[in-house]
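Worksheet: one structure, shown below.
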2 protein chains.
Amino acid sequence: MPALLDQPETRDLELTTVLQALGDPMRLRIVRELAACEAGERTCGSIDLGISKATRSHHYRVLREAGVTNTRVEGTHRYVSLRRDDLDERFPGLLEAILS
Amino acid sequence: MPALLDQPETRDLELTTVLQALGDPMRLRIVRELAACEAGERTCGSIDLGISKATRSHHYRVLREAGVTNTRVEGTHRYVSLRRDDLDERFPGLLEAILS
DNA sequence: CCAGGAGTTCGACGCGTGTCGAACCGTTGG
DNA sequence: CCAACGGTTCGACACGCGTCGAACTCCTGG
């Protein structure tokens with residue numbers, strides 16, 4: 001079952017919330033890794049951030065609840081991906097500007 | 001004397017710092033007002049945010065120290081303006097994406 | 001079936017931040 | 001010259017946030 005974790009609707013994305021989510025070094029690193037990833041998605045544990053599991057989980061949650069990422073549950077893994085299209089639709093150019 | 005308040009060099013602008021500065025409702029409002037302003041600059045007091053003078057001063061400082069704004073001192077007034085060119089040079093497209 | 005791995009959740013802790021009133025500083029109009 | 005005005009600074013306060021270890025859940029390989 002390709003279960004998806006709860007995330008805000010595209011039309012509900014708030015700019016301040018997104019900016020706040022991106023305004024943290026760890027989370028910005030995650031977003032960049034996701035953007036640079038060929039497959040488009042990665043499991044939580046596959047990005048080494050040098051922080052504890054608990055903290056890592058916290059950051060992934062912030063990103064997801066801000067609407068920046070998408071989380072797919074498969075087995076014991078969580079596959080995380082950028083919501084590129086949704087972000088581009090709601091805030092055109094923002095992601096591009098942040099990733100370059 | 002067109003005295004300028006201390007602010008970071010363009011090359012020293014940090015993306016996380018800028019995003020953090022913009023990731024606050026009050027400060028986003030200030031930035032938008034500055035962007036919408038014909039003259040390009042406004043005095044601190046001329047934007048009614050419904051907060052105390054102390055808090056307002058705090059937000060202007062955060063914006064300035066993040067490199068988002070420029071502050072010019074003239075008499076008893078502080079004229080604040082967006083550092084559009086600097087931001088565009090350092091983070092092309094970011095301001096545009098946030099203001100639209 | 002069960003050990004172990006992937007993630008989450010739960011306190012707890014320390015630090016940062018948004019907020020305020022009050023005191024302060026610099027300039028200027030009268 | 002001085003009162004008044006525009007802003008800043010200084011505690012103080014409450015709340016939020018990043019961080020951790022430990023306990024927990026859920027799944028899967030052997």
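Each chain gets a letter, A, B and so on, in the order the sequences are listed, and its residues count up from 1. All values below were derived from every heavy atom in this structure, side-chain atoms included, with hydrogens, water molecules and symmetry-related copies excluded.
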Output for pair (A:Arg83 CZ, A:Thr71 OG1), nearest 0.5 Å, gives 10.0 Å

Strand contacts (DNA chain C) in residues 29-40 of chain B, 4.0 angstrom heavy-atom criterion = none

Calculate, to the nearest 0.5 Å, the distance between atoms OG1 and CE belonging to B:Thr16 and A:Met26 respectively.
-> 11.5 Å

Give a yes or no answer on whether the side chain of A:Arg56 reaches the backbone of A:Ile51 with a donor-acceptor pair at less than 3.5 Å.
-> no

Length of the CD-P vector between B:Gln20 and D:dG16, whole Å | 17 Å

To the nearest 0.5 Å, atom OG1 of A:Thr55 lies from atom OH of A:Tyr60 at 12.5 Å

Compare side-chain N and O positions of B:Thr76 against OP1 and OP2 of D:dG6 and report whether any pair is under 4.0 Å apart.
-> no

Rounded to the nearest Å, what distance is computed from the CG atom of residue B:Leu22 to the P atom of nucleotide C:dG18?
-> 12 Å

What's the CD1-P distance between A:Ile47 and C:dA6, to the nearest Å?
-> 15 Å

Is any side-chain heavy atom of B:Ile98 closer than 4.5 Å to a side-chain heavy atom of A:Leu19?
-> yes

Kindly determine whether A:Arg32 and A:Leu99 satisfy side chain to side chain contact (heavy atoms under 4.5 Å, CB included), including the steps that lead there.
-> CA-CA 6 Å; A:Arg32 283 184 164 141; A:Leu99 293 176; 4.1 Å; yes

CD1 of A:Ile30 to CG of A:Leu63, rounded to nearest 0.5 Å, is 5.5 Å

N/O (side chain, A:Thr43) to phosphate O (OP1/OP2, C:dG7) under 4.0 Å | yes

A:Leu49 CG to D:dT19 C1', in whole Å, measures 13 Å

Atom-pair distance (CD1 on A:Ile51; P on C:dG7), nearest Å | 13 Å

For B:Arg64 and for A:Val62, find the nucleotide of DNA chain D with the closest heavy atom, then tell me which residue's nucleotide is more 5'.
-> B:Arg64

Quick one: B:Leu28 CG to C:dG18 P, roughly how many Å, whole number?
-> 13 Å

Between residues 53-61 of chain B and DNA chain C, which residues have a heavy-atom gap below 4.0 Å?
-> B:Ala54, B:Thr55, B:His58, B:His59

So, B:Arg29 side chain and B:Asp48 main chain: donor-acceptor pair closer than 3.5 Å or not?
-> yes

Distance from A:Gln20 atom CD to B:Leu28 atom CG, nearest 0.5 Å?
-> 10.5 Å

How long is the line joining CD of B:Glu65 and P of C:dG16, in whole Å?
-> 14 Å

For B:Glu96, does the CD atom have more than 12 heavy-atom neighbours from other residues, nucleotides or ligands under 6.0 Å away?
-> no

Distance in angstrom units between A:Arg78 CZ and D:dC27 C1', rounded | 10 Å

Answer yes or no: is there a donor N or O on one side and an acceptor on the other, between the side chain of B:Arg78 and the main chain of B:Cys44, under 3.5 Å?
-> no

Between B:His77 and C:dT27, is there a side-chain N or O to OP1/OP2 distance below 4.0 Å?
-> no

Got a second to check how far A:Asp86's CG is from A:Asp12's CG, nearest 0.5 Å?
-> 11.5 Å

Where do N or O atoms of nucleotides 11-15 of chain C meet protein N or O atoms at under 3.5 Å, pair by pair?
none

Measure from the side chain of A:Asp24, starting at C-beta and using heavy atoms only, and say which of D:dG18, C:dT19, C:dG7 lies closest.
-> D:dG18

